[in-house]
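Below, read A as the first sequence line, B as the second, and so on, with proteins coming before strands; counting in each chain starts at 1.
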Amino acid sequence: MTTVRTPADRPVTEEEARAVQDALRARVVLDEPGPPPGTGRVTGVDVAYDDERDVVAAAAVVLDAATLDVVAESTAVGRISFPYVPGLLAFREIPTVLAALDALPCPPGLVVCDGYGLAHPRRFGLASHLGVLTGLPTIGVAKNPFTFTHDEPGASRGSVSPLLAGREEVGRALRTRNAVKPVFVSVGHRVSLDNACAHTLALTPAYRLPETTRRADALCRRALAEAASR
DNA sequence: GCGACAG
DNA sequence: ATCTTGTCGC
């Protein structure tokens, strides 16, 4: 019995990948508020690459949403499956991220992604994609505005301004630290934009980026270094 | 056609 | 993403 690769699982060409996004986009749920901030668990996922050795490492770190203490963590290592193409980031990151999530000993709760959800050329970024594949509530918190426009939010933490694709609000620029460059929040799956921003603020008591992202980033780098030294 | 472009 | 030391400032 041979295993058949379907484009929906592992698209090879950019054309296939865009077709997958167009097909899966219909499954995104946007009419749920999502879990209340500060309750349950929040999980950060991130990925690090070694293009030379063709190795990718992903990490998932589960935090108690109230205390931000680490509850559980896991990593996964694999081969790079897709090049970086703006708009197709999910195909590069998701296979290994799914493996890391699968390796967790407990449910992840809300998943915070490093990148975008709705704020995407086809309204189906990494966070939306991961949400649809797992059924989990997801949000995207990115460090850059991508191709979208925004006015500078007020200088104080908590200030927001719409992230715009033309006149459509696809996310928000959210100031998480006074007078520090904002982050760019968008809805992934099963979470409202207001709630996504509230979660992001709850996850940034001390630094610009969410604790989830910081923890996952540190862990996947460690996992990559460990994988490379073997 | 050219440039820009999450990580 | 990744290559990379010191340095200015709270």
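Using a 4.5 Å cut-off between side-chain heavy atoms of Ile, Leu, Val, Met, Phe, Trp and Tyr, with links allowed through other members, A:Val170 and A:Leu174 fall into different hydrophobic clusters. A:Val141 and A:Leu164 sit in two unconnected hydrophobic clusters of ILVMFWY residues. Membership requires side-chain heavy atoms under 4.5 Å apart, directly or through other members. Transitive grouping of hydrophobic side chains (ILVMFWY, heavy atoms separated by less than 4.5 Å) keeps A:Phe82 and A:Val77 in distinct clusters. Linking ILVMFWY side-chain heavy atoms closer than 4.5 Å, directly or via other members, places A:Val112 and A:Val183 in a single hydrophobic cluster.
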Response to the item:
Per-residue pairing states of DNA chain C in dot-bracket (Watson-Crick or G-U under 3.5 Å; . unpaired, | other strand) read ..........
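Computed from coordinates, the A:Arg53 CZ to C:dT2 P distance equals 14 Å when rounded to whole Å. Rounded to whole Å, the distance from CZ on A:Phe82 to C1' on C:dA1 is 16 Å.
For DNA chain C, the residues of residues 44-52 of chain A within the heavy-atom distance limit of 4.0 Å (strictly under) are A:Ala48, A:Tyr49, sorted by number. The stretch residues 176-190 of chain A does not touch DNA chain C, since none of its heavy atoms comes less than 4.0 Å from the strand.
When each of A:Asp50, A:Val55, A:Val47, A:Asp54 is tested with A:Ile80 by the rule side-chain contact (heavy atoms from CB on, under 4.5 Å), just one qualifies, namely A:Asp54. In summary, of the residues considered (A:Asn178, A:Thr204, A:Thr176), a side-chain hydrogen bond (donor to acceptor under 3.5 Å, both in side chains) with A:Arg157 occurs for A:Thr204 alone. A:Ser161 pairs in a side-chain contact (heavy atoms from CB on, under 4.5 Å) with only one of the listed residues (A:Glu169, A:Arg172, A:His150), which is A:His150. The one candidate from A:Val20, A:Leu118, A:Val28 that meets the side-chain contact (heavy atoms from CB on, under 4.5 Å) condition with A:Phe124 is A:Val28.
Salt bridge A:Arg25/A:Asp22: present, at least one basic N to carboxylate O contact under 4.0 Å. Using a 4.0 Å cut-off between a side-chain N of Lys or Arg and a carboxylate O of Asp or Glu, A:Asp114 and A:Lys143 qualify as a salt bridge.
Partners of A:Arg92 by side-chain hydrogen bond (donor to acceptor under 3.5 Å, both in side chains), not counting sequence neighbours, listed by chain and number: A:Asp51.
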Check: protein-nucleotides 3-6 of chain B nitrogen or oxygen pairs below 3.5 Å:
{"from": "B:dA6", "atom 1": "OP2", "to": "A:Tyr84", "atom 2": "OH", "distance (Å)": "3.0"}
{"from": "B:dA6", "atom 1": "N7", "to": "A:Gly87", "atom 2": "N", "distance (Å)": "3.2"}
{"from": "B:dA6", "atom 1": "N6", "to": "A:Gly87", "atom 2": "O", "distance (Å)": "3.1"}
{"from": "B:dA6", "atom 1": "N6", "to": "A:Leu88", "atom 2": "N", "distance (Å)": "3.4"}
{"from": "B:dA6", "atom 1": "N6", "to": "A:Leu89", "atom 2": "N", "distance (Å)": "3.3"}
{"from": "B:dA6", "atom 1": "N6", "to": "A:His120", "atom 2": "NE2", "distance (Å)": "3.4"}
{"from": "B:dA6", "atom 1": "N1", "to": "A:Leu126", "atom 2": "N", "distance (Å)": "3.2"}
{"from": "B:dA6", "atom 1": "N3", "to": "A:Tyr116", "atom 2": "N", "distance (Å)": "3.1"}

Between the protein and nucleotides 3-9 of chain C, which nitrogen or oxygen pairs are less than 3.5 angstrom apart?
none

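A:Tyr116 and A:Phe148 have perpendicular rings, their planes meeting at more than 60° on a 0 to 90° scale where under 30° would count as parallel.
At most 12 non-hydrogen atoms from other residues, nucleotides or ligands lie less than 6.0 angstrom from CZ of A:Arg41. Counting non-hydrogen atoms of neighbouring residues, nucleotides and ligands closer than 6.0 angstrom, the CZ atom of A:Arg27 reaches no more than 12 such neighbours.
Once rounded to the nearest 0.5 Å, the distance linking CG of A:Asp64 with OG1 of A:Thr39 reads 9.5 Å.
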